[in-house]
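Numbers restart at 1 for each chain; the letters A, B, ... are given by sequence-line order, proteins then strands.
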There are 2 protein chains.
Amino acid sequence: MTSPSPIAEPHRSGCPINLALETLGDRWSLIVIRDMMFGNRRHFRELLQGSTEGIASNILADRLKRLVAAGLLTRRDDPTHRQKAIYSLTEAGIQLLPVLAQLGAWGRRHRPTTPDLAIRAQLLEEGGPALWEAFMDELRHRHLGAPDPGTRVLARLTAAHEALAAKTA
Amino acid sequence: MTSPSPIAEPHRSGCPINLALETLGDRWSLIVIRDMMFGNRRHFRELLQGSTEGIASNILADRLKRLVAAGLLTRRDDPTHRQKAIYSLTEAGIQLLPVLAQLGAWGRRHRPTTPDLAIRAQLLEEGGPALWEAFMDELRHRHLGAPDPGTRVLARLTAAHEALAAKTA
DNA sequence: TTAACTGCTTGCTATTTGCAATCGGTGGAT
DNA sequence: ATCCACCGATTGCAAATAGCAAGCAGTTAA
């Protein structure tokens, strides 16, 4: 509450990588973004119960608050249910897709991933920036009300994942 | 110290993004990698005093230990000084460059960066994957003993940064 | 009326973070 | 031989954060 210096300097440095890490450098923020992008989860309960990692509800509430404050998400009321809230990605949030794609590509190569969860990272890597742009346009449609680009990138990623998940189940 | 279950499952899930975050999802790990890549820092003291973010020595020691354990760095003795240690990037560590490039590109667009620190992210983004590969070959030369590719990507990035830093100083 | 569901909070403990000081050892200069 | 700056860390401590379990007040459909 107190402000000891005239103008508080909240940042460790002006380095782009550092500033990105100040916003995203924890174990959960990008998991939430991931689930919103690839799982199309928009409600608190969906995010809470959907992720296999099992985020705690207070952590999720805190992250959603921070991500909204940081301008990566917006929160609005759900017209169909007075108590529901809908979270949407902003343009800045959508532009995290290449970061997630590279992170997934790296994880797939260097960490012990499971096949059904790695397939999306693989398709995203093989598709390259062109596929990322198509996916980002789909996200702009779903989250920002942009016109439907007509592509089905998310549907293809999801189908590939579910086909593999069914095999191993 | 105790192992309550027969075989501990240390991972929250087998998702590539999650596994990458389990290794890199904190406020310092990628800062250390960044300084080793772009600042060519190889010693504990260089990493400690070089970064503008001011990492604490115990945190740095902990991160170096973890990154070595995770296979992103190696540690060896410095032949010129019995007490010095030299840290090197492994191939897995070097392959984090595209992640850092995307993270920097995002930070430059969406966070309040300072010009002299943003120029490297800009050049890296404009250069694209071809430039990244050249830089990674330089890193393989410096850290893994691969033949000198003869390129000067790091030198160009550093020169651009220092030119801007001199202006604003 | 009731029961399931909504986003989110609370109380609690365990872990992590960050700061400041310091450690035992090294090696160059005097 | 003695000093002293430097080496990679470690320690003690306070503050912040993470994570678990339970619960909140309000909403909706049955």
Side-chain angles (χ1 to χ4, degrees), chain A residues 1-2 4 8-13 18 21-32 35-36 41-70 73-88, chain B residues 1-2 4 8-13 18 21-32 35-36 41-70 73-88:
Chain A
M1 237 35 123
T2 59
E9 175 52 56
H11 298 303
R12 302 186 299 192
S13 85
N18 171 63
L21 287 176
E22 285 185 20
T23 306
L24 304 165
D26 71 88
R27 288 185 155 60
W28 290 112
S29 295
L30 284 175
I31 294 284
V32 172
D35 284 348
M36 291 188 67
R41 302 193 221 288
R42 308 291 293 271
H43 299 291
F44 189 95
R45 277 303 221 272
E46 288 176 341
L47 287 162
L48 187 66
Q49 298 169 343
S51 89
T52 56
E53 288 86 11
I55 188 171
S57 59
N58 54 347
I59 307 283
L60 176 59
D62 176 80
R63 288 306 179 278
L64 288 171
K65 216 174 285 179
R66 285 184 199 230
L67 290 171
V68 168
L73 302 181
T74 54
R75 193 202 119 115
R76 70 174 201 275
D77 292 338
D78 187 332
T80 74
H81 190 302
R82 209 175 307 189
Q83 213 171 7
K84 271 187 174 177
I86 303 181
Y87 289 94
S88 304
Chain B
M1 232 36 127
T2 60
E9 174 51 55
H11 298 302
R12 302 186 298 191
S13 86
N18 171 62
L21 286 176
E22 285 185 20
T23 306
L24 303 165
D26 70 87
R27 286 183 158 61
W28 290 111
S29 294
L30 284 175
I31 294 284
V32 172
D35 284 348
M36 291 188 67
R41 303 194 220 289
R42 309 290 294 271
H43 300 291
F44 189 94
R45 276 304 219 272
E46 288 177 341
L47 287 162
L48 187 66
Q49 299 169 343
S51 89
T52 57
E53 288 86 11
I55 188 171
S57 60
N58 55 346
I59 308 283
L60 176 59
D62 176 79
R63 289 306 179 277
L64 288 171
K65 216 175 283 179
R66 285 183 200 230
L67 290 172
V68 168
L73 302 181
T74 55
R75 192 202 120 115
R76 68 175 203 275
D77 293 338
D78 187 332
T80 73
H81 189 303
R82 208 176 309 188
Q83 215 171 5
K84 271 187 174 175
I86 302 181
Y87 289 94
S88 303

Qualifying salt bridge (charged side-chain N to carboxylate O under 4.0 Å, His left out) pairs, either residue in residues 43-60 of chain B, two or more places apart: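 Every salt bridge (charged side-chain N to carboxylate O under 4.0 Å, His left out) pair that includes a residue of residues 43-60 of chain B, provided the two are not neighbours, is B:R34-B:E53.
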Kindly write out the residues that satisfy side-chain contact (heavy atoms from CB on, under 4.5 Å) with [X], not counting sequence neighbours, or none if the list is empty.
X     : answer
A:T23 : A:A70, A:L72, B:R111
B:A56 : B:N58, B:I59
B:T52 : A:S13

message: Go nucleotide by nucleotide along DNA chain D from the 5' end; which of A:D26 and A:S57 gets its closest nucleotide reached first?
response: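 In this pair, the answer is A:D26.
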task: Please work out which residues in residues 42-54 of chain A have a non-hydrogen atom less than 4.0 Å from an atom of DNA chain D and list them by number.
output: none
Any residue of residues 77-87 of chain B with a heavy atom less than 4.0 Å from an atom of DNA chain D: B:Q83, B:K84, B:A85, B:Y87
message: Rounding to an integer number of Å, can you tell me how far B:D62 CG sits from C:dT16 P?
response: 9 Å
Length of the CZ-P vector between A:R63 and C:dT9, whole Å: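 Rounding to the nearest Å, CZ of A:R63 and P of C:dT9 are 14 Å apart.
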Listed by chain and number, what are the side chain to side chain donor-acceptor pair (under 3.5 Å) partners of [X], not counting sequence neighbours?
X     : result
B:R66 : B:D62
A:S29 : A:D26
A:R41 : none
A:D78 : A:T80

- line: Under a 4.0 Å heavy-atom criterion, DNA chain D is touched by chain B from D:dC7 to D:dG12
task: Would you indicate, yes or no, if C:dG18 has its OP1 or OP2 atom less than 4.0 angstrom from a side-chain nitrogen or oxygen of B:W28?
output: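 Indeed, a polar side-chain atom of B:W28 lies that close.
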- request: Just do the side-chain contact (heavy atoms from CB on, under 4.5 Å) check on A:R27 and B:N18 with the steps written out, would you?
  value: CA-CA 8 Å; A:R27 288 185 155 60; B:N18 171 62; over 6 Å; no
task: With sequence neighbours excluded, tell me which residues meet salt bridge (Lys or Arg N to Asp or Glu O under 4.0 Å) with B:R82.
output: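 Partners of B:R82 under the salt bridge (Lys or Arg N to Asp or Glu O under 4.0 Å) test: none.
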